[in-house]
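Below you'll find the structure, written out as structure tokens, and then a few comments.
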Amino acid sequence: MFEEERFTTAMLGRANCSLKPDKKLLNSKFEQYKYTSGREHEITYKKLKHKPHRTKPPDSDFSYQMSRTSCLFNHLIVPPKGGKYYYITHNEEEHSYILVDALTDTELAQFSNQEKLIFNVSAVWIGSETLALCIGTYLYLLSLTPTSTKQTSEQKLDFHCLLLGSFERDETAHLVLCYRTDNVFVHQIVKQNDSGKFEVTASIRQSGIARFVTVRGDTLTMISEGKLLVPEPEPEEPEKPGEVTVPVPREREEEKNYTWTQTMEDVDVSIELPSGILKSDLTIEIGHDSLEVRTKGGQELFKSKLFSKVEPKESTWHMSTDKKRVEVVLTKYQEAHNWANLVDTPHYDPAGNLLGEISDLSEEELRGMMRRMESLNEYTSDKVDKSPLYTPHPELEECDELDGQQVLLSSFSLDPVKQHSLVELSPGTLLFSDTDRGFVVSHSVDACYYEVERDVCPPWQHASTFHAFNMVQATKTQKKYIVTDPGRKYAAIVDITRHVYIYSSTGEESTHGKLLVMTLDNSDDSEILGVFPRTESIVLLTEKYLITIKFSL
């Protein structure tokens, strides 16, 4: 079942679109946020009968990415309509896993652990009353109604899988799952056949695990780390006698005669020179968005439009000591703007830049933004005790090595699976995903919420903005979960030191946001394993309690 195959999935060679925010949803007047002590809230604790199982990858499947995914996994299972809260507990004596109603402590279903090992446990909903559970190498389907719970399917898998998403298409249930083999993460789309079993319809191989998966209409949207691995092409058929094949010439990629580096303020370009060239032989023209280097004899050494604007009068150049290169120092027009390339690339996604796509701002607006960033620094230090009740997971510290990986935002058409949109996000751009509804990326000091829609291309649209939230979350170095409520009125950060931060940037014309900070009871020193946001409350799952926090913003 789900054997390793090379499904042919058409992939794009490079990014073909961008992730630009809607400027109407940005607020240039926003200055800062205000800290509040969190007095306007009520916390209730409901003691759990069982200890929730904390998923972790088996030793045979260990990887930093899989470990980080397991550490950050949301173990609180909530149906789409809400109102119920479930979790999985592990009975070590009977070697079984049990689905438990967190509100009533009712044991709803039990699954035998035939291999007597502790596994990954993941769950997704199919519709409103069907729960898909993946426990180790077994896939279960449960029918959960207000009056009954019934197991409807059990299927043995060949790999330890994680369920990442589900959708219904043509009245048929589909699942998106992931497993790791030979240092490759395989994301498979499987559909339920007439006999109730799931079979593979497509496979997407990547060097990293998907962090967001959703399907709208006939489009699959996925955010993943690393790069897509294109399947090997099918072998060409031998030529038939009498046929003559004319080879199609390919354009040779010009070898670059330059290298470049950057700092927060400058871009340094080093260009190779032909032998015998003196400084007096060079003509160098630095424009606001262009650079041209040529000899007085007319030989062109470099000529291109630059990735972003520079300050020509503050830029300089000189010959290297060995007279073999010319060194050009370009002063950035926008300080702290991270260039993705030296030359202009029409398909680059600007959302990952520290200041984002602000090239259309006037100098006065730009300086105002820099002043707001400086003022925000006064409000970003935590004003609560930072003495942790326990140390962070070592897996999370090791996984920090992956933060420099590229993140890909892709959309695929289904039947057959073919990639039609690709955005390359800078490391650290993706802040969090909102179940299967949308995702949040950084833009300057803000956080932009993109909702995934159907029947549009690309399928993601900028829907709202959490002003200054990027600055807020950046200071919470021990954060574990970041979520937003269904109406996107607030964003919540839950950290491993048992602090909950509720952030709201109220109104499009508001100049200040509000940060509510709450600390859970120190008598419960257990780990937070899950979170579910509601309109005016947030529900947390720990190893001992189901906690409900009601608050007013």
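Residue numbers run from 1 in the order of the sequence given. Side chains included, hydrogens not; waters and symmetry mates left out as well; all remaining heavy atoms used. In this text the structure is predicted, and so the values were computed from the model without any measurement.
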Task: Qualifying residues under ring-ring contact (aromatic ring centres under 6.0 Å, His included), relative to Tyr87, sequence neighbours excluded - done: none

Task: Residues in side-chain hydrogen bond (donor to acceptor under 3.5 Å, both in side chains) contact with Thr261, at least two apart in sequence or another chain - done: none

Under 3.5 Å, side-chain donor or acceptor atoms of residues 531-541 against the rest of the protein: list the pairs with distances, not counting sequence neighbours.
residue, atom, partner, partner atom, Å
Arg534, NH1, Tyr85, OH, 3.3

Open item on the list: Going by side-chain contact (heavy atoms from CB on, under 4.5 Å), name the residues that satisfy it together with Thr214, two or more places apart in sequence or in a different chain.
Closed with: Phe212, Arg216, Thr221, Asp436, Val452

TODO: Using side-chain hydrogen bond (donor to acceptor under 3.5 Å, both in side chains) as the criterion, list what pairs up with Gln192, not counting sequence neighbours.
DONE: none

TODO: Just jot down the side-chain contact (heavy atoms from CB on, under 4.5 Å) partners of Ala447, sequence neighbours excluded, or say none.
DONE: Leu431, Val440, Phe466, Phe469

Task: Heavy-atom pair with the smallest gap, counting every atom of Ser411 and Thr219 - done: CB-CG2, 3.9 Å

- [ ] Using the test side-chain hydrogen bond (donor to acceptor under 3.5 Å, both in side chains), find all partners of His462 that sit at least two apart in sequence or belong to another chain.
- [x] Thr465

Open item on the list: Which residues pass the side-chain contact (heavy atoms from CB on, under 4.5 Å) test with Gln151, not counting sequence neighbours?
Closed with: Phe111, Tyr140, Leu142, Glu154

- [ ] Apply salt bridge (Lys or Arg N to Asp or Glu O under 4.0 Å) to Asp101 and list each qualifying residue two or more places apart in sequence or on a separate chain.
- [x] Lys84

- [ ] Check ring-ring contact (aromatic ring centres under 6.0 Å, His included) between Tyr258 and all other residues, then give those that pass, not counting sequence neighbours.
- [x] Phe302

- [ ] Kindly write out the residues that satisfy side-chain hydrogen bond (donor to acceptor under 3.5 Å, both in side chains) with Asp218, not counting sequence neighbours, or none if the list is empty.
- [x] Arg169

TODO: List in chain and number order the residues that pass side-chain contact (heavy atoms from CB on, under 4.5 Å) with Asn193, two or more places apart in sequence or in another chain; answer none if no residue qualifies.
DONE: Ser195, Lys197, Glu199

